Amino acid sequence: MLHLLTPSRIDWLPVALADLSTLLLDHAHCEMKAAASARSFAARYPESAGFVADMQALEAEEQGHYDAVRAIMDERGIAWRPADKDAYVVHLLKEVRSVPALRRLDRLLIAAIIEARSCERLGMLSETLEDAELRRFYRELFEAEARHHGLFLEWARHFAGRAEADARLAHLVGHEAVFIVNRSPTAHVHG
């Protein structure tokens, strides 16, 4: 089960489908950032060997996703350009607390929320794209994003306890919903 308070706005999908080049470029950037984030988690919180191993495996998987999106972009002649500022992530990170243990919990839960929103949207794409290759690709990634969501949530509960993690998650999904409901959609995975 994805832990999101609200579904994506109904107008996100038509906007994304109308500009697949921008969506694919943004998706590649998202995968690159996800790989870097997993690497950062492993470096920042090395006290649990299991956590480090999971983050290293996640980094490798996210890097593979990035490589796959770049290959699709190359096949379609989509030019690479620097990433737009990710207003969605900036919005979520405003809620990160500064106390180290609370910061770790917030960052893990925000990662879980990002993966959940990615999962939801990639699932939407996998059900509606006319391009059969992209439909299959996004179906595979939909399943991966669901696993990643669960992984981050599991570790947040491990480090902070289920009750504390779930209470904080309830707050953070409310904060995320404000962005989703109030922001005009763009052809970005989270925009």
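Position 1 is the first residue of the sequence; numbering continues from there. Since the structure is predicted, the reported quantities are computational estimates derived from the model, not experimental observations. Only heavy atoms go into these numbers, but all of them, side chains included; no hydrogens, no water, no symmetry mates.
Atom SG in Cys119 sits 12.0 Å away from atom CE in Met124 (nearest 0.5 Å). Within the model, atoms CG of Leu141 and CG of Leu125 stand 10.0 Å from one another, a figure rounded to the nearest 0.5 Å. In this structure, CG on Leu105 lies 8.0 Å from CG on Leu172, to the nearest 0.5 angstrom. Between the OG1 atom in Thr186 and the CG atom in Asp19 there is a gap of 9.5 Å [rounded to 0.5 Å]. In this structure, the separation between CZ on Arg157 and CG on Asp166 is 4.0 Å, given to the nearest 0.5 Å. The distance from atom CG of Leu109 to atom NE2 of His149, rounded to the nearest 0.5 Å, is 9.5 Å.
Residues Ile113 and Ile180 fall within the same hydrophobic cluster, defined by Ile, Leu, Val, Met, Phe, Trp and Tyr side chains chained together at heavy-atom separations under 4.5 Å. Val173 is connected to Leu93 through a chain of hydrophobic side-chain contacts under 4.5 Å among Ile, Leu, Val, Met, Phe, Trp and Tyr, so both are in one cluster. The cluster map of Ile, Leu, Val, Met, Phe, Trp and Tyr, joined by side-chain heavy atoms under 4.5 Å apart, puts Leu4 and Phe179 in the same cluster. Met32 and Val189 fall within the same hydrophobic cluster, where Ile, Leu, Val, Met, Phe, Trp and Tyr residues are linked whenever their side-chain heavy atoms come under 4.5 Å apart, directly or through other members. Leu122 and Ile78 end up in the same hydrophobic cluster when Ile, Leu, Val, Met, Phe, Trp and Tyr side chains are linked at under 4.5 Å.
Residues Gly123 and Ser126 share a closest heavy-atom pair of O-OG, 2.8 Å. The two residues Arg9 and Pro185 have their closest heavy-atom pair at NH2-CD, 3.7 Å. In terms of heavy atoms, Ala42 sits closest to Met55 at CB-CB, 3.8 Å. Closest approach of Thr22 and Ala187 over heavy atoms only: CG2-O, 3.4 Å. Closest approach of Arg70 and Ala28 over heavy atoms only: CD-CB, 4.4 Å.
Using a 3.5 Å distance cut-off with no hydrogens or angles, the side chains of His91 and Glu176 do not pair a donor with an acceptor. In this structure, a donor-acceptor pair under 3.5 Å is present between the side chains of Ser8 and Arg121.
Between Arg147 and Glu61 a salt bridge is recorded (basic side-chain N to carboxylate O distance below 4.0 Å). Note on Asp131 versus Arg136: no salt bridge recorded, every NZ/NE/NH1/NH2 to OD/OE distance being 4.0 Å or above. Look at Glu154 and Arg162 and you find no salt bridge, because none of the NZ, NE, NH1 or NH2 atoms lies under 4.0 Å from a carboxylate O.
Centroid-to-centroid, the aromatic rings of Tyr45 and Phe159 stay 6.0 Å apart or farther. Ring pair Trp12/His188: centre-to-centre distance not below 6.0 Å. Two rings, from Tyr138 and His27, have their centers less than 6.0 Å apart.
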Would Arg103 and Ser98 count as a side-chain contact (heavy atoms from CB on, under 4.5 Å) if you check the C-alpha gap in whole Å, the side-chain angles of each, and the deciding distance to 0.1 Å? CA-CA 6 Å; Arg103 178 178 178 76; Ser98 61; over 6 Å; no
Do Leu58 and Asp54 pass the side-chain contact (heavy atoms from CB on, under 4.5 Å) test, and can you show the C-alpha distance, the side-chain angles, and the key distance before you say yes or no? CA-CA 6 Å; Leu58 179 61; Asp54 280 350; over 6 Å; no
Could you walk me through whether Arg135 and Glu140 satisfy the salt bridge (Lys or Arg N to Asp or Glu O under 4.0 Å) test, starting with their C-alpha distance in whole Å, then the side-chain angles of each, then the deciding distance to 0.1 Å, before giving a yes or no? CA-CA 9 Å; Arg135 244 190 353 263; Glu140 291 171 11; over 6 Å; no
Determine whether Lys33 and Asp86 satisfy the following criterion, side-chain contact (heavy atoms from CB on, under 4.5 Å), listing intermediate values before the conclusion. CA-CA 11 Å; Lys33 292 173 191 173; Asp86 195 333; 4.0 Å; yes
Verdict with supporting geometry, Leu17 and Leu13, side-chain contact (heavy atoms from CB on, under 4.5 Å): CA-CA 6 Å; Leu17 292 174; Leu13 188 59; 3.8 Å; yes
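For the pair Leu102 and Pro100, the minimum side-chain heavy-atom distance is 4.5 Å or more. No side-chain heavy atom of Trp80 sits less than 4.5 Å from a side-chain heavy atom of Asp74. Counting heavy atoms from C-beta outward, Tyr66 and His29 have side chains that stay 4.5 Å or more apart. Put simply, the side chain of Ser118 reaches to within 4.5 Å of the side chain of His190, judged on heavy atoms. Side-chain contact check for Leu2 versus Glu120: some heavy-atom pair is nearer than 4.5 Å. In this structure the side chain of Phe137 reaches within 4.5 angstrom of the side chain of Ile72, judged on heavy atoms. Side-chain atoms of Leu25 and Ser21, non-hydrogen and from C-beta on, never get closer than 4.5 Å to each other. Side-chain contact between Leu129 and Leu20 is present, with heavy atoms from C-beta onward closer than 4.5 Å.
More than 12 heavy atoms of other residues, nucleotides or ligands sit less than 6.0 Å from atom CD of Glu75. Shown here is Arg44, whose CZ atom has no more than 12 heavy atoms of other residues, nucleotides or ligands within 6.0 Å.
By the 30° and 60° cut-offs, the orientation of the rings of His175 relative to His171 is parallel.
Residue Arg39 forms a side-chain hydrogen bond (donor to acceptor under 3.5 Å, both in side chains) with just one option from Glu59, Gln56, Glu62, and that option is Glu59.
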